[in-house]
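Naming: A, B, ... by sequence-line order, numbering from 1 per chain.
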Amino acid sequence: MSIKPTLSRGLRDLLPEQMIARQRLIDTVRGVYENYGFSPLGTPAIEYLDVLSGSAGQEAQQSIFRVSNPEDEALGLRFDLTVPLSRVVSQYPNIPLPFRRYQVAQVWRADKPDPGRFRQFTQFDLDAVGAPCGRADVEILAAICDSLTAIEAGPFLVRFSSRKVLNLLLKRAGIAEHLAGDVFRVLDKIGKIGIGKVKLELSAGYTDASGDPIRGVGLAEEQVSIIEEFLAIKNKSRGDVLQRLASFLAGIDGSSEELAVMEDISGNLDALGYHSDQVNIDVSIARGLAYYTGPVFEAVLLDAPQFGSVFGGGRYDGLVARFGGPEIPATGASMGVDRLLAALEHIGKAGQVKTAAEVLVTVMDPGLSRECMLVAFDLRRAGIRTEVDVSGGRLGKQLKRADKLGIPYAILLGSSEAERGVLTVKQMAVAREHGAGIEENAAWKSARFGQQEVPRAEIVDVLRQLLGRGS
RNA sequence: GCCGACGUAGCUCAGUUGGUUAGAGCGCCUGAUUGUGGAUCAGGAGGUCGAUGGUUCGAAUCCAUCCGUCGGUACCA
């Protein structure tokens, strides 16, 4: 009886082509984070269930993967990196604050999988714990911009708002606090469903295209119009949005303090060169509701808006205190690595490389096998990523492999080269370009496009030059 | 989770009112060409027709249930 090779739903393998693009992305972003002076942290995939669910709502607990161990403890897989970070900060009181760390790791959520959304996925988090100062939020926003610029994701827009400003809106509209969660969740959807459906969902609800009833929040008509007025506050300029917010919230208790926080962030961003075309204020941004307490942010790729936000984050001043210690203010953001890669692939900006190798050393004469290996190891020792044939197949098959995997150079070493102390270096792409016009096989073969003979002693230097490396 | 549509080769699909051994294109493998990828030609592998149960002399085709995929919706700490 054989075993069927399949994976549970929402899980997937990452084949070399995907892993290569992923690792390059991660390396680039890590460079940005380290440039900001953040340090790496590692935590286990498995946590105690009460550590995880102590910070999650009732419904959220359902999406935690349960894990069993021989001691029969209540365990689960982490669903984000922020909760484990809060545990670490609480568990090690001597950790120097502010604790500025980055972490890239897999997380798990037992949700329904969607395109670009899986049950096991990777987050790349950047957080500052023990940082009450708005400069920390500015750093996070700037690091998001720098990361998206560094990975050449094309035009993007980072948007931010503040949970405290949203709370002021509730005050202004006279909406009960216990409805805050429902109201914010609906506001957050405006970009997706539009103002019309938002109004319906805030009041009586409606029936969607599939005939499924969407329950409404049940707000009064005047409350909905105040929210509509609030949502209309948008502009290409942060300064203008802040001015309009100030007049909208005029007279509400605490509004000037909260707007001052937003103005401080905005002013710092301007001074640092992150202007409204990169980072704007969007009052509809609410983000996840469980623990955000202040500024909240997200980022979208303008060429792939349908993939949703590729970064999300905000300030969570109360989270660490849930482990019983003092309140430690914190802020941070999380990059959705899988979603970002899916978006990049969609807009054709993901790498198409299928192998790490830059050179394939072919072997056509078993008597020259050792010499071929010596050539390969000379290249490797010079830092050139090299594969040497281990298939034992004919030369044609070896070249076909290089072609399919996208290895740019092949080295040929047969008796004819060996006699003269040279190697043939073949540039795979050249023949691919010239081949279109040739129909006869013999002519194609004898043309030997893109080939040059190189003295054995010079092979490392020649390839370095071809690959654009300084020697 | 809820509503709906759809499951035939690695991929895209055809398959008549239920009827003999389930097909095509692309891809893959082998050879022509044992030292040259593409093109061409010849050959080949690959399917319990998503699964299980039922109706029938007979099921890819009809029925039921389950699983999976896709779309919408909910959720997204």
Counting any heavy atom closer than 4.0 Å, what does T82(A) reach on the DNA or RNA strands: base, sugar-phosphate only, or nothing?
nothing
If you measure from the P atom in A9(B) to the same atom in G23(B), how many Å do you get, rounded?
14 Å
By nearest heavy atom, map L395(A) and E440(A) onto RNA chain B; which one lands nearer the 5' end?
L395(A)
When you check the side-chain N and O atoms of S161(A) and D282(A), is any donor under 3.5 Å from an acceptor?
no
Nearest-Å distance, CD1 (I411(A)) to P (G37(B))?
19 Å
For atom CZ of R135(A), decide whether the heavy atoms of other residues, nucleotides or ligands shown that lie under 6.0 angstrom number more than 12.
no
Which whole number of Å gives the distance between the C1' atom of C62(B) and that of G25(B)?
31 Å
What is the distance, rounded to the nearest whole Å, between atom CZ of R315(A) and atom P of A77(B)?
18 Å
For T43(A) and R78(A), test the side chains for any donor-to-acceptor distance below 3.5 angstrom and give the result as yes or no.
yes
Is there a donor in the side chain of T122(A) and an acceptor in the side chain of R22(A), or the other way round, less than 3.5 Å apart?
yes
Could you identify the nucleotide paired to C29(B), looking across every strand shown and requiring Watson-Crick or G-U wobble geometry with both distances under 3.5 Å?
G43(B)
Side-chain touch R87(A)/Y48(A), heavy atoms, less than 4.5 angstrom:
no
Between K400(A) and S415(A), name the one whose nearest nucleotide on RNA chain B is closer to the 5' end.
S415(A)
For C6(B), the Watson-Crick or wobble counterpart (both distances under 3.5 Å)
G68(B)
Students often mix this up, so state it plainly: with edges at 30° and 60°, are the rings of Y33(A) and F38(A) parallel, tilted or perpendicular?
tilted
Would you say the side chain of K445(A) and the base of U33(B) hold a donor-acceptor pair, judged only by whether the two atoms sit under 3.5 Å apart?
yes
Kindly point out which of A77(B), G35(B), G37(B) is positioned nearest to the side chain of M364(A)?
G35(B)
Between C49(B) and A32(B), how far apart are the two C1' atoms, rounded to whole Å?
36 Å
F121(A) CZ to C76(B) P, in whole Å, measures 13 Å
Write down the partner of U17(B) under the Watson-Crick or G-U wobble criteria, each distance required to be under 3.5 Å.
none
Heavy-atom donor-acceptor pair, Q451(A) side-chain to U36(B) base, under 3.5 Å:
yes
Evaluate whether the aromatic ring of Y291(A) and the six-membered ring of the A77(B) base sit under 5.5 Å apart, centre to centre, with an inclination under 30°.
no
Rounding to an integer number of angstrom, what distance separates C28(B) and A45(B) when you compare their C1' atoms?
9 Å
Could you work out the separation of A14(B) and G1(B) based on their C1' atoms and round it to a whole Å?
37 Å
Rounded to whole Å, please give me the gap between CZ in R119(A) and C1' in G68(B).
12 Å
Look at all strands and tell whether E417(A) reaches a base, only sugar-phosphate, or nothing, counting heavy atoms closer than 4.0 Å.
base
May I ask you to say what G396(A) touches in the nucleic acid, namely base, sugar-phosphate or nothing, with a heavy-atom cut-off under 4.0 Å?
sugar-phosphate
Please work out if N441(A) contacts a base, only the sugar-phosphate, or nothing of the nucleic acid, heavy-atom cut-off 4.0 Å.
base
I64(A) side-chain proximity, nearest of G37(B), A74(B), A77(B):
A77(B)
With C1' as the reference atom in both, quote the distance from G50(B) to G7(B) in angstrom, rounded to an integer.
6 Å
Value in whole Å for how far the P atom of U34(B) lies from NZ of K397(A)
12 Å
Integer-rounded Å distance: C75(B) P and R287(A) CZ
14 Å
For S446(A), which contact category applies under a 4.0 Å heavy-atom criterion: base, sugar-phosphate, or nothing?
nothing
Please give, in whole Å, the distance from U33(B) P to R394(A) CZ?
10 Å
Between A77(B) and G47(B), how many Å separate the two P atoms, rounded to a whole number?
45 Å
Roughly how many Å is it from CZ in R87(A) to C1' in A77(B), rounded to a whole number?
16 Å
Whether the side chain of K426(A) and the base of G37(B) hold a donor-acceptor pair under 3.5 Å is what I'd like checked.
yes
Sort out the partner of G1(B) for me: Watson-Crick or G-U wobble, both distances under 3.5 Å, none otherwise.
U73(B)
Rounded to whole angstrom, note down the P distance from U56(B) over to U17(B).
23 Å
Remember a base hit wins even if backbone is also touched, and classify R109(A) as base, sugar-phosphate or nothing at under 4.0 Å, heavy atoms.
base
Between T331(A) and D137(A): side-chain donor-acceptor atoms closer than 3.5 Å:
yes
Applying the 3.5 Å cut-off to both distances, the Watson-Crick or G-U partner of U55(B) turns out to be none
